[in-house]
Number of protein chains: 2
Amino acid sequence: MRLTTKGRFAVTAMLDLAMHGADGPVTLAGISERQKISLSYLEQLFGKLRRGNLVESVRGPGGGYHLARDASRVTVAEIVCAVDESLDSTQCGGRENCHENHRCMTHDLWEELNTTVYGFLKGITLAQLVEKQRTKPVSLVRGQPRPHEGQPISA
Amino acid sequence: MRLTTKGRFAVTAMLDLAMHGADGPVTLAGISERQKISLSYLEQLFGKLRRGNLVESVRGPGGGYHLARDASRVTVAEIVCAVDESLDSTQCGGRENCHENHRCMTHDLWEELNTTVYGFLKGITLAQLVEKQRTKPVSLVRGQPRPHEGQPISA
DNA sequence: CAATAGTCGAGTAAAATTGTCGGATATAAA
DNA sequence: TTTATATCCGACAATTTTACTCGACTATTG
């Protein structure tokens with residue numbers, strides 16, 4: 001299963017974009033600062049997001065990115081697929097040459113897992129994440145209802 | 001998300017074990033031949049499976065491995081966890097220092113994904129895989145009801 | 001024209017994964 | 001007791017993937 005930090009960063013960045021996109025394009029420099037993701041890396045990610053038709057860009061001063069459609073119509077699955085290319089669990093990648101040229105004994109299992117994971121991520125939209133973020137601004141789940149008090153991590 | 005060929009091989013090997021375990025211990029050499037997994041690699045995997053209390057070993061000639069309990073009480077989730085150590089999706093590994101020392105905006109999302117994947121894999125037992133294997137010996141799912149005729153893919 | 005901001009491809013360093021090797025231990029059978 | 005079978009174990013090597021940088025370029029604004 002391919003689900004790496006790249007996919008996580010992409011979702012985080014898209015969430016930032018959705019939350020700050022009210023007044024004009026959002027610059028990668030801004031996302032970089034707020035989310036602490038390197039600018040160069042963001043450029044790479046947004047290249048893929050743009051090619052995946054999830055965001056649109058505006059060049060030149062005052063430019064930046066905005067969502068290609070409403071946040072309620074962008075799913076997490078789309079974001080992850082756009083940057084990670086695939087979240088396939090089978091080793092053969094859909095082909096069925098896993099074991100001596102025919103599908104291996106566990107092929108179906110991994111294929112069903114794919115379906116499960118994809119279904120889950122497809123059921124969650126950016127709008128839902130934004131909403132969740134607005135109602136519960138910061139940490140809330142695991143005990144500690146402390147608001148902000150973050151001790152800066154070393155570097 | 002960590003779900004690699006190691007986990008897939010482990011499930012395949014366990015399935016082989018379950019299917020050939022009727023008459024005494026099964027040797028890794030046998031599994032190696034049938035499933036085309038290198039013996040050395042199997043040794044490594046079964047070390048973990050044994051420490052995870054999924055299999056028991058019998059040393060010496062005539063020895064080998066057998067399941068530690070009935071196949072109906074061994075889940076795929078257990079197997080994958082035993083060899084891959086974890087199939088966590090969060091980058092912080094449960095800790096919540098993902099973003100400047102507090103949980104990142106998408107933390108809950110990945111945690112729910114974990115739950116989903118784990119729940120799926122936990123719902124499937126070795127016995128179910130064996131059964132499926134016995135009723136449908138070879139390929140069947142995707143269209144083509146052709147028995148065997150596989151065009152060898154390049155290499 | 002100068003500054004801003006996206007675009008692109010190549011390239012690199014670190015980490016993870018996959019897999020091997022050599023030798024040790026336990027046990028059964030000859 | 002010797003020999004052959006098999007598991008056991010740690011260290012290590014090769015490969016692949018991942019994460020991330022860099023430099024040069026294009027478009028747009030003022």
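Since the structure is predicted, the reported quantities are computational estimates derived from the model, not experimental observations. Note on naming: letters A, B, ... go to the chains in the order of the sequence lines (proteins, then strands), and numbering restarts at 1 for each one.
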- Side chain of T4(A): nearest nucleotide among dC22(D), dT7(C), dT18(D)? dT18(D)

- Message: Quick check on dT21(D): is either OP1 or OP2 less than 4.0 Å from any side-chain nitrogen or oxygen of S38(A)?
- Response: yes

- Query: Nearest of dG6(C), dT7(D), dG19(C) to any side-chain atom of Y65(B)?
  - Reply: dT7(D)

- Counting only side-chain N and O atoms of R50(B), is one of them less than 4.0 Å from OP1 or OP2 of dC9(D)? yes

- Query: What is the distance from CZ of F46(A) to P of dC8(C), rounded to the nearest Å?
  - Reply: 15 Å

- Looking only at dT18(C), dC9(D), dT7(C), the nucleotide nearest the K6(B) side chain is dT18(C)

- Name the residue closer to the 5' end of DNA chain C, choosing between L28(A) and G7(B) according to the nucleotide with the nearest heavy atom. L28(A)

- Task: Figure out the NE2/C1' separation between H66(B) and dT7(D), and round it to whole Å.
- Result: 13 Å

- Query: T5(B) side chain: which of dG19(C), dC8(C), dG6(C) is closest?
  - Reply: dG19(C)

- At under 4.0 Å, does any side-chain N or O of T27(A) touch on OP1 or OP2 of dT4(C)? no

- Message: Could you report the tightest heavy-atom contact between Y65(B) and L17(B), atom names first, then the distance?
- Response: O-CD1, 3.3 Å

- Message: Side chain of R51(A) only, heavy atoms from C-beta on: which candidate in dC8(C), dA10(C), dT20(C) is closest?
- Response: dC8(C)

- Mind checking whether F120(A) and E112(B) have side chains closer than 4.5 Å, heavy atoms only? yes

Might you list the N or O atoms of the protein lying below 3.5 Å from N or O atoms in nucleotides 27-30 of chain C, with each pair's distance?
none

- Item | For DNA chain C, the residues among residues 16-24 of chain A that have a non-hydrogen atom under 4.0 Å from it | none

- Query: Considering the terminal five base pairs at each end of the helix from dC1(C)-dG30(D) to dA30(C)-dT1(D), what angle separates the two local helix axes, rounded to 10°?
  - Reply: 10°

